[in-house]
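Below is one structure; the comments refer to it alone.
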Amino acid sequence: MKISDKNKDFFALVYEVVKQIPKGRVTNYGAIANYLGTKRSSRMVGWAMNASHIYKEIPAHRVVNRQGLLTGKMHFDYPTEMEELLMSEGIEVINDQIVNFQIVFWDPEVELAIA
DNA sequence: CCATTGACTTAAG
DNA sequence: CCTTAAGCCAATG
């Protein structure tokens, strides 16, 4: 998939990255924004996530803030849905905080290796 | 069109 | 550890 495809909306680009997050791994808003070349616009990534619920198949639960905190849990159907999904993938979550966050962290800029 | 808000991040006090 | 401030930009009223 070519990221240089400018015909797509910023949101669509975010979705494509999020879809590629491996199961059992997570990333943060800033990393995605950085990968898309707009690292200061991490808020837009959050916006994209907010809109992603209409596009199914977007594992928004694998995107947390840079502390590994489930800041967006309240935007799911139920506040506990996010951590339940993460737990079901083998990610340990305690008090809305992902345990071993830096271990399960998935950086698109590294994993997708920008050319 | 202007003001406010927000699933963010970094820096500074 | 806490609070502010600033930068970022789409969406909403």
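Heavy atoms only: backbone and side chains are in, while hydrogens, waters and symmetry mates are out.
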_Classify N50(A) by what it touches in the nucleic acid, base, sugar-phosphate, or nothing, heavy-atom distance under 4.0 Å._
base

*For D107(A), all residues meeting salt bridge (charged side-chain N to carboxylate O under 4.0 Å, His left out), sequence neighbours excluded*: none

_Can a donor-acceptor pair be found, under 3.5 Å and without considering hydrogens, that links the side chain of N95(A) to the backbone of Q97(A)?_
no

*With a 4.0 Å cut-off on heavy atoms, is A33(A) in touch with a base, just the backbone sugar-phosphate, or nothing at all?*
nothing

*Counterpart residues, side-chain contact (heavy atoms from CB on, under 4.5 Å), relative to R40(A) (two or more places apart)*: none

*Can you sort out the partners of V104(A) under side-chain contact (heavy atoms from CB on, under 4.5 Å), two or more places apart, ordered by chain and number?*
V26(A), I98(A)

*Can you find a heavy atom in the side chain of L70(A) that is under 4.5 Å from one in the side chain of E83(A)?*
yes

*Is a side-chain N or O of D9(A) found less than 3.5 angstrom from the main chain of F11(A), in a donor-acceptor match?*
no

*asked:* Considering only residues two or more places apart or on different chains, which pairs with a residue in residues 24-34 of chain A satisfy salt bridge (Lys or Arg N to Asp or Glu O under 4.0 Å)?
replied: none

Tabulate protein N/O versus nucleotide N/O from nucleotides 2-4 of chain B, keeping only pairs under 3.5 Å, one per line.
none

_For atom CG of N65(A) and atom C1' of dG6(B), their distance in whole Å_ = 14 Å

*asked:* Tell me the interatomic distance from L86(A), atom CG, to dA7(B), atom C1', rounded to whole angstroms.
replied: 13 Å

*asked:* How many whole angstroms separate atom CZ of R66(A) from atom C1' of dA11(B)?
replied: 11 Å

Can you tabulate the close N/O pairs, meaning under 3.5 Å, that link protein atoms to atoms of nucleotides 1-3 of chain C?
none

_Using whole Å, what does the distance between atom P of nucleotide dT9(B) and atom CG of D107(A) come to?_
13 Å

*Tell me, please, which residues at least two apart from Y15(A) pass ring pair (Phe, Tyr, Trp, His ring centres under 6.0 Å).*
Y55(A)

*Report, as a single string ordered 5' to 3', how protein heavy atoms within less than 4.0 Å touch nucleotides 8-13 of chain C: B base, S sugar-phosphate only, - not at all.*
BBBS--

*asked:* Taking salt bridge (Lys or Arg N to Asp or Glu O under 4.0 Å) as the cut-off, I'd like each qualifying pair that reaches into residues 86-99 of chain A, sequence neighbours left out, listed once.
replied: R62(A)-E89(A), K73(A)-D96(A)

*If a pair satisfies ring-ring contact (aromatic ring centres under 6.0 Å, His included) and one of its residues is in residues 56-111 of chain A, list it, with sequence neighbours excluded.*
F101(A)-F105(A)

*Going through the checks in order, is the side chain to side chain contact (heavy atoms under 4.5 Å, CB included) test met by N34(A) and E109(A)?*
CA-CA 8 Å; N34(A) 184 41; E109(A) 189 169 358; 2.4 Å; yes

*For residues 67-82 of chain A, which residues have at least one heavy atom under 4.0 Å from DNA chain B?*
T71(A), G72(A), H75(A), F76(A)

*Do you know which two heavy atoms are closest between A60(A) and S52(A), and how far apart they sit?*
CB-OG, 3.9 Å

*What integer distance in Å separates N28(A):CG from dT9(B):C1'?*
9 Å

*Could you tell me whether the side chain of M49(A) reaches within less than 4.5 Å of the side chain of V18(A), counting heavy atoms only?*
yes

